[in-house]
Every structure is written in structure tokens, then in C-alpha cells.
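Input: a single structure, listed below in C-alpha cells.
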There are 2 protein chains.
Amino acid sequence: MTHFHEPTDCQSCNQRFTSVFCKAKQQFIAEINEQKVCNVYKKGQTIFNEGSHPFGVYCINEGKVKLSHLGDDGKEQIIRLLRGGDVLGYRALLSGERYSASAIVLEDTQVCFIPKELFISILKNDAGLAFEMMKLLSDELHKAEVKLTHLAQKPIRERLAETLLFIKETYGYESDGVTLNVRLSREEIANLVGTATESTIRLLSEFKKGGMVELEGKKIKILRQKELIRTANLQD
Amino acid sequence: MTHFHEPTDCQSCNQRFTSVFCKAKQQFIAEINEQKVCNVYKKGQTIFNEGSHPFGVYCINEGKVKLSHLGDDGKEQIIRLLRGGDVLGYRALLSGERYSASAIVLEDTQVCFIPKELFISILKNDAGLAFEMMKLLSDELHKAEVKLTHLAQKPIRERLAETLLFIKETYGYESDGVTLNVRLSREEIANLVGTATESTIRLLSEFKKGGMVELEGKKIKILRQKELIRTANLQD
DNA sequence: CATAAAACATGATAAAAATCATGTGGCTGG
DNA sequence: CCAGCCACATGATTTTTATCATGTTTTATG
């Protein structure tokens, strides 16, 4: 079980330079500081559930979270991977709907909760923060559109390679410089790629045979990044 | 060739109650009115191109536009369909990047151009409008995420049915109450569904045989909407 | 109006991916 | 510690989808 220091206030939070909220005016940061509620979730726990009403936004202090939709036939689709400094739950809040995805913790994670009213009122009074939120939304939209195009046009082999690179971008390597710094099941990787679990397992084995990756249980080591990039066939 | 009345000002624009801009403060609407540039594009023309720099946003007064990405292998992926009242080009502007998609006109379309500086300055000074923009972005993000999930999990047959319903939602029917009010090539429909053109043609023929739709060149009539909904296998 | 080009259509085939089946190893809870 | 379950793995098979080939129809153009 991971041990966390509860941050006494937002000024000393280890995400104070990373999160969008650092762009808020000082007075508002103070308000957040007063009203925020900090919480620790253990691996596998749910921060919020698809279909329920949002009461605020969550800011990840430390940890890893997956955001996933349930498809019409009940199959999970992982929409986003989140880390320290990321904000979640704002999408539903802004469009005034229920959550369209569930947030599930991938490893012990500390999260600050900011109540809806405060979040909205700050957004309405702090144009700078509002602008940053728009940027953030724009970036997410862009990523979603690119992913959508790849999902429609690229074979699974390329998408798996791309997904491994994406995981590396998001969570980086462990101190050894090659092991992806997150433990995902093969099924989760499949739900990120958008394919059947068996296909993912099979292709990972192939990647391993080709010497691109090394597999040790849930540990994945990227041995030849360049070859992986080539396999992903990315133009951008 | 369609004939358009150039709107003399935003107050009399036929989209003044539909567009996000109607949520802006009166003073800003007046500013937009002064600085906007109206333009008519003919079918097939490009409003802006993927990869170029944005100089402002576009507001569709009347007409139909497709927004499409080019995949890494050069294949088109249509990511959005737009109509009168819709705004386009804001995504790239907000995240400060080049356009990540091209906007191409599906039929003669009248568009107002609003310069970047004005748009940004209004957003920074009009919290109400900023909030509406955030809502709009949130909605788009939501739609993109749902589409992403369906692309990953649903067979092409269901996706085609869903796409036909989506086209109907966007552009509605002609006065006869059954014909989709837009002319798209089979290839464009395929690029919307995310599949090969031949597959789309084949499935449309099947839908026709089953009596769900009627095909007359590019005219598509929806004869049995309920069955189409069932075919799309939608839970939401 | 003739003609070429593009779009549509459909069958045949090949490739990709999902599903089914079976087995193994590892972890968990009694 | 053992039984049972679950994740991982891999082969066989089936289904789905793309690609290729060819013909027809529509549309655009000189």
C-alpha cells in the first residue's frame, strides 16, 4: 500500500505547476484550497461511474487513472489515461450531463475533489482559467479525432504499436529507462487499442519475438523504440 | 447556383438565435458585425486546409460543410458534418496549432469570417460566451468519444445504420419527409463510417433489398427508421 | 451530343481479425 | 497447502472486411 502525504494546501501541492488550476488567479486558488477535499483511492477503486451525476471535478495529485466508456454491448473502451496534474470529470460538468465514462484507479492514487459550484463560479470569473480549460478541451478533442481516424484506418498491429508509445508518453519509463511505468492487463491494453484480448496477446508475442519488446508478466519493456515507431507507421 | 442574401449585420443574420455567438454580449456582437467578412463558397470548395495556419473562425450562415482529416496513408476521414449556425476553425485556434482538418463545402455555403484577435479578445472578456464555447467543446468531445467507442466495437453494418441516422439528425429530411437533405457520394459515406467504399455500397444495397432505405443516385430515402435504429443497435 | 471520366454496383478472392477451444501458470482465499 | 479461478498463451476455425476485377450507369465536358 502506497503512502501519501496529504497536501496541506494547493500552494504546496506537488502538482501546483502542472495542473490547469495553477493558471487560476491567486484568490481563487485560495478558495479551492479551502473547499477541496482530498482522498486516496486504492488500485481498482472507482472515482466516479458512468451514468451518475457529477458533483465536482477531480484533480489528480499523484497516481494513475483510466477513463473508460462501456460500449453498447458492455465492452470496455479506454478513452484516456490520466496521471498526476490531470483534471477529470469536467466534461460532464460543463455540458451538464451525467458522466459518460467511469474513472477507475490503476494504482493507489490521491485525488482532490473540487465542488461543482466553486469550479463553475471560478470559470465564470477567471477568464484566464476559462481560456486554459478551452485549450485543454481543444487538445483532448484533437487527440480524440486523431485516435478516431487511426481506429478507422489503421490495422491492429499499427494501433498496438502506437498504443505502447502512447502509454510511454503518458507514464514514461521506470528508473531502468525501458520498462513502462504502469501495470496494465492484456485486456486493458486491448481495450485501449480497440481489439480482442487474444489479438493483443498474439501481437505482443510477435513484438517480443521480433525483439521490439520484452514481456515479464505485466511488465513491458520497450527494447527498440525506433522499430516500434516504424511499426506504428506514424506520419505526424 | 444558389443565391444568397448577404446578411447586412449579425442582428439580422438568420443564425442569430442558433449560433454560439448569439450568447455573446451585445457590445461584442456589434464588434463582430463590424469586423466580420462574409463569403460564399461553391460546392467542393475548401474553406481551410489541414496543415495551414488559422487566422480566425468561421460561422456558417447557410449551407453544409464537412470537416475531414487525412489519415497517415492519405485516406479521408470525415470527423464532423456542419450546418447553418455551426462554428468551425476554433479548435486549432484555441490550442494554437495549425488546422488538423480541412473544411470542404458540400453544397453552396455562406460563411462569416471572424478574425482571430477579435475572437480571442471577446472570449477573454465575455465569460458567458467562453462558457458556451466550453460547453460546445465538451459536447464535441463527448460525441468524438462515443464515435471512437463505436468505431472500436461495432461492426460496419451497425455503423452504417448509425451514420445514416446521424446524417438525418444533422441535416434532416427534405420536404417529402423521407429523403436525406444532403447529397453525399458513397465514398464520403464510407469515410464517415470508416470503411471501404465497396463495403458501404454493398451494405446500402442490402438495406435497400431489406426495404429500409430507397436509393436514387445520391438521394437516400429512409423508409423504415425504426428498423434502421434496430440495425444500428444503439443503447443510448 | 458524343465521349471520357468518375461514381456506382457486384462478384470473386484474399487478408485481417474475432471467436472458439484448449492448455498452462500464477495468484488467491479457504 | 491445495483447489479453484483468472490472466496469459497459442492453435484452429469462422467471420468479417478489404481488395481486386469487371461491368454498368451517371455525370461532366468539350
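Computed from a predicted model, the values in this text were never measured in an experiment.
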Contact under 4.0 Å: A/Ser199 side-chain N or O vs C/dA16 OP1/OP2: no
Result of checking B/Glu97, B/Glu50, B/Glu140 against B/Arg91 for salt bridge (Lys or Arg N to Asp or Glu O under 4.0 Å):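 So the option named by the test is B/Glu97.
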Min side-chain heavy-atom separation A/Thr163-A/Thr200 under 4.5 Å: no
Whether over 12 other heavy atoms sit under 6.0 Å from A/Lys75 NZ: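 Enclosed: over 12 neighbouring heavy atoms sit under 6.0 Å from NZ of A/Lys75.
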Euclidean distance, atom CD of residue A/Glu158 to atom P of C/dA16 [Å, nearest integer]: 11 Å
Spacing between B/Glu198 atom CD and C/dT13 atom C1', to the nearest angstrom: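 Those two atoms, CD and C1', are 13 Å apart.
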Heavy-atom contact window of chain B on DNA chain D, given 5' to 3' at under 4.0 Å: D/dT17 to D/dC20
Sugar-phosphate, base or nothing in reach of A/Ile201, heavy atoms under 4.0 Å: base
A/Glu216 and A/Lys221 ion-paired at < 4.0 Å: yes
Closest nucleotide among C/dA17, C/dA9, C/dC8 to the B/Ser205 side chain: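 So the side chain of B/Ser205 is nearest to C/dA9.
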A/Ser52 versus A/Asn49, closest heavy-atom pair with distance: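 Shortest heavy-atom separation between A/Ser52 and A/Asn49 comes out as OG-O, 2.7 Å.
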Nearest-nucleotide comparison on DNA chain C, the residue closer to the 5′ end among B/Thr197 and B/Arg202: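 Going by which nucleotide is closer to the 5' end, it is B/Thr197.
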Backbone of B/Asn181 reached by a side-chain donor or acceptor of B/Lys64 within 3.5 Å: yes
